[in-house]
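The next block holds one structure in the form of structure tokens; read it before the comments.
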Amino acid sequence: MKNAVETMLNHRTYRHFKNTPVPDADIQTIIDCARQAPSWMNGQHYTIINITSPELRQKIVELQPANPQIGTCGVYLIFVADLHRADLCSRAAGGTYTAAGEPDSLITAVTDTALAAQNAVVAAESLSYATCYTGGIRNIAVELVELLKLPKNTFPIVGLCIGEPDVEMKLKPRLPEQTVYAENAYPDDATLSDGLEQYEQTMTAFGEAREKFPYREKFARYYSNTYAPRNIKLMQQQGWLTKMSADSEPS
């Protein structure tokens, strides 16, 4: 078993897995580690759903054709932001639950969910498994709410593939430290722009096959469009963001 520092410094994403099972004991260790993640008020505002049904896994693969690794990895976990248990607590203790629809409650639940998911990644990689997040499941949130029987006040945030890698991956370079780390104040735009230009050159030289555009252009394209617009309506139906201001509601 690798130590945590070694594991995190050698993290890489794998998208090709051998279709081999992960022992139950290792799955339990990964779940135990995920559940030990810190959380707001010890609320543990997440639920982890292990997709063990081959039929259900195949349905998700069909909905996410860009992520075929969902079908080949040994374990596929879906991390769900969850305020449903908080609702049950509120009912049991006579609370009003009025804060649940505020944006800060969404931030709280997503943060707790992300911390648990990352604990699972560190645990899995410490056990020498490969991992791959699938954030694209948010594009099929409408379908997942039905498939996973998600109650109100829940929302699927990210999937996690775990298993034995089928190919070796190179360690991907990260942004220059000065673009993501500063002391006492946010870095100035000149520092950021210089670092982004430098990193674009680094990533072009790295030559990752799945990248179709230069680094900065990739984000220019992505953030020039509105993705998954139906999720706002779905989230409000699920009890999230019901207290958005009138001028921020989707048309």
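Here the side chain of Arg12 pairs a donor or acceptor atom with the backbone of Met169 at under 3.5 angstrom. Side-chain N or O atoms of Asn231 include one that pairs as donor or acceptor with a backbone N or O of Arg138 at under 3.5 Å. When atom types are taken as modelled, the side chain of Thr191 and the backbone of Pro187 share no donor-acceptor pair closer than 3.5 angstrom. In this structure, the side chain of Lys243 engages the main chain of Thr98 through a donor-acceptor pair within 3.5 Å. Counting only distance, with no hydrogens or angles, the side chain of Thr108 and the backbone of Asp104 share a donor-acceptor pair below 3.5 Å. Counting only distance, with no hydrogens or angles, the side chain of Trp240 and the backbone of Leu106 share no donor-acceptor pair below 3.5 Å. Listed for the Arg85 side chain is a donor-acceptor partner under 3.5 Å among the backbone atoms of Tyr46. Side-chain atoms of Tyr133 never come within 3.5 Å of backbone atoms of Cys161 as a donor-acceptor pair (strictly under, hydrogens ignored). Side-chain atoms of Thr179 come within 3.5 Å of backbone atoms of Pro176 as a donor-acceptor pair (strictly under, hydrogens ignored).
Rounding to the nearest 0.5 Å places OG1 of Thr154 at 13.0 Å from NZ of Lys149. Rounded to the nearest 0.5 Å, atoms CZ (Arg15) and CG (Asp166) are 14.5 Å apart. In this structure, CG on Leu115 lies 13.0 Å from CD on Gln36, to the nearest 0.5 angstrom. Phe17 contributes atom CZ, which lies 10.5 Å from atom OH of Tyr76 (distance to the nearest 0.5 angstrom). Atom CD1 of Ile48 is separated from atom CZ of Phe79 by 4.5 Å, given to the nearest 0.5 angstrom. Atom CG of Asn153 and atom CE of Met235 lie 11.0 Å apart (nearest 0.5 Å).
Among pairs with a residue in residues 20-34, none fulfils salt bridge (charged side-chain N to carboxylate O under 4.0 Å, His left out), at least two apart in sequence or across chains. Residue pairs meeting the side-chain hydrogen bond (donor to acceptor under 3.5 Å, both in side chains) criterion with at least one member in residues 66-75, sequence neighbours excluded: Gln64-Asn67, Asn67-Gln69.
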Would you list the atom pairs, donor with acceptor, under 3.5 Å between side chains in residues 203-214 and any protein atom, with sequence neighbours excluded?
{"unit_1": "Thr204", "atom_1": "OG1", "unit_2": "Glu200", "atom_2": "O", "d": "2.8"}
{"unit_1": "Glu208", "atom_1": "OE1", "unit_2": "Lys172", "atom_2": "NZ", "d": "3.1"}
{"unit_1": "Glu208", "atom_1": "OE2", "unit_2": "Lys172", "atom_2": "NZ", "d": "3.2"}
{"unit_1": "Glu211", "atom_1": "OE1", "unit_2": "Lys218", "atom_2": "NZ", "d": "3.4"}
{"unit_1": "Glu211", "atom_1": "OE2", "unit_2": "Lys218", "atom_2": "NZ", "d": "3.0"}

Applying side-chain contact (heavy atoms from CB on, under 4.5 Å), run through Leu160 and Cys132 and close with a yes or a no. CA-CA 6 Å; Leu160 177 61; Cys132 177; 6.0 Å; no

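Annotation: side chain of Leu147 is in contact with side chain of Leu63 (closest heavy-atom distance under 4.5 Å). Side-chain contact between Ile60 and Ile78 is present, with heavy atoms from C-beta onward closer than 4.5 Å. When side chains are defined from C-beta on, Asn3 does not count as touching Ser126, because their heavy atoms never get closer than 4.5 Å. The side-chain heavy atoms of Thr113 and Val80, taken from C-beta on, include no pair separated by under 4.5 Å. No side-chain heavy atom of Leu9 sits less than 4.5 Å from a side-chain heavy atom of Leu171. Between Leu175 and Tyr215 the shortest side-chain heavy-atom distance falls below 4.5 Å.
A pairwise comparison of heavy atoms in Leu83 and Tyr97 identifies O-OH, 2.8 Å as the closest pair. In terms of heavy-atom proximity, Leu150 sits nearest to Pro156 at CD1-CD, 3.7 Å. Residue Pro173 comes nearest to Tyr199 through the heavy atom pair O-OH, 2.6 Å, listed as atom of the first residue, atom of the second, then distance. Minimum heavy-atom separation, Ala34 to Ala116: CB-O, 3.4 Å.
Following chains of ILVMFWY side-chain contacts shorter than 4.5 Å, one can reach Ile51 starting from Tyr129, so the two form part of one hydrophobic cluster.
Around CD of Glu177, the count of heavy atoms belonging to other residues, nucleotides or ligands within 6.0 Å does not exceed 12. For Arg216, the CZ atom sits in a packed shell: over 12 heavy atoms of surrounding residues, nucleotides or ligands are nearer than 6.0 Å. Counting heavy-atom neighbours within 6.0 Å of Glu6 CD, excluding the residue itself, gives a total above 12.
Taking 4.0 Å as the cut-off between side-chain N and carboxylate O, Glu217 and Arg221 count as a salt-bridged pair.
Thr242 and Gln236 form no side-chain donor-acceptor contact under 3.5 Å, judged by distance and modelled atom types alone. Between the side chains of Asp112 and His45, at least one donor N or O sits under 3.5 Å from an acceptor N or O.
Tested against Glu125, the residues Thr131, Asn10, Thr7 include a single side chain to side chain donor-acceptor pair (under 3.5 Å) partner, Thr131. Just one of Met8, His11, Lys2 meets the side-chain contact (heavy atoms from CB on, under 4.5 Å) condition when paired with Val122; it is Met8.
Between Phe219 and Tyr223, the angle of the ring planes stays under 30°, which puts this pair in the parallel group of the 30/60° scheme.
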